[in-house]
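Beneath this line is the structure, given in structure tokens, with notes to follow.
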Amino acid sequence: MDIQSVLAQMRTLKTQVQQGVGAVDPKAVLEGQRVEKSDFSDLLSNAINKVNNTQLEAKHLTTAFEAGDPAVDLPQVMIGLQKASVSFQAMTQVRNRLVSAYEDIMKMPI
């Protein structure tokens, strides 16, 4: 990498920051990509969908094993079930923290 290309990338970053165009990730600019700001509801929705997909995959593995599918063995099923369990427990903890934070905010004096 030569100094001219580094300077050009720095100028690009400066211009984007001054224009206030989305969130700027220096790594992404170096790779020629743009990173947009994420909405909290989108992040939460994606996390819930991932937990759901993990549970569906575990259910599918369990059903395939019970049906006698030779491509699915018991360790795969057990690992899938554990992944689903851990992801659900983590999501439950996140939910509990969000509820607690909401309750704390509602108790604040106006």
Side-chain angles (χ1 to χ4, degrees):
M1 211 179 222
D2 65 348
I3 190 70
Q4 295 302 323
S5 64
V6 172
L7 288 173
Q9 291 170 357
M10 289 174 67
R11 287 185 190 113
T12 303
L13 278 172
K14 179 182 174 186
T15 304
Q16 288 179 352
V17 169
Q18 288 174 342
Q19 293 175 351
V21 180
V24 179
D25 180 14
K27 254 187 197 177
V29 172
L30 292 176
E31 297 170 4
Q33 302 170 351
R34 175 172 307 284
V35 177
E36 296 298 325
K37 291 183 182 178
S38 295
D39 191 43
F40 179 75
S41 62
D42 291 339
L43 292 174
L44 190 59
S45 176
N46 289 339
I48 291 170
N49 288 335
K50 286 181 183 179
V51 170
N52 185 44
N53 290 339
T54 304
Q55 290 179 332
L56 290 175
E57 182 180 336
K59 184 177 180 181
H60 173 71
L61 285 172
T62 303
T63 305
F65 181 74
E66 289 172 350
D69 187 352
V72 179
D73 56 353
L74 185 59
Q76 274 182 303
V77 174
M78 296 305 293
I79 290 171
L81 289 171
Q82 286 299 314
K83 282 182 183 179
S85 175
V86 169
S87 64
F88 184 75
Q89 289 173 4
M91 182 58 61
T92 302
Q93 290 298 320
V94 168
R95 185 217 47 198
N96 291 343
R97 296 286 174 111
L98 287 172
V99 169
S100 176
Y102 175 77
E103 288 172 349
D104 290 344
I105 290 171
M106 293 307 293
K107 290 178 185 176
M108 288 181 174
I110 297 177

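Computed from a predicted model, the values in this text were never measured in an experiment.
Closest of all the heavy-atom pairs between T62 and L81 is OG1-CD2, 3.8 Å. Closest heavy-atom contact between Q76 and A71: OE1-O, 3.3 Å. The two residues F65 and V72 come nearest to each other via the heavy atoms CD1-O, 3.6 Å. Between A84 and A58, the shortest heavy-atom distance links the atoms CB-CB, 4.0 Å.
The distance from atom CG of L61 to atom NZ of K83, rounded to the nearest 0.5 Å, is 9.0 Å. Once rounded to the nearest 0.5 Å, the distance linking CD of Q55 with NZ of K59 reads 10.5 Å. Annotation: the span from N49 atom CG to T54 atom OG1 amounts to 10.5 Å, rounded to 0.5 Å.
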### Message
Does T63 form a side-chain contact (heavy atoms from CB on, under 4.5 Å) with H60? I'd like the steps, not just the answer.
### Response
CA-CA 5 Å; T63 305; H60 173 71; 5.7 Å; no
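One N or O on the side chain of N46 and one on the backbone of D42 form a donor-acceptor pair closer than 3.5 Å.
Between Q89 and T92 the shortest side-chain heavy-atom distance does not fall below 4.5 Å. Side-chain contact between D73 and V77: absent, with no pair of heavy atoms (C-beta onward) separated by less than 4.5 Å. In this structure, S87 and M91 have side chains that are not in contact, with every pair of non-hydrogen atoms separated by 4.5 Å or more.
Not a single side-chain hydrogen bond (donor to acceptor under 3.5 Å, both in side chains) links S100 to another residue, sequence neighbours left out.
Y102 belongs to a hydrophobic cluster whose other members, connected by ILVMFWY side-chain contacts under 4.5 Å either directly or through intermediates, are M106.
Residues I79 and V86 do not share a hydrophobic cluster, defined by chaining ILVMFWY side chains whose heavy atoms lie under 4.5 Å apart.
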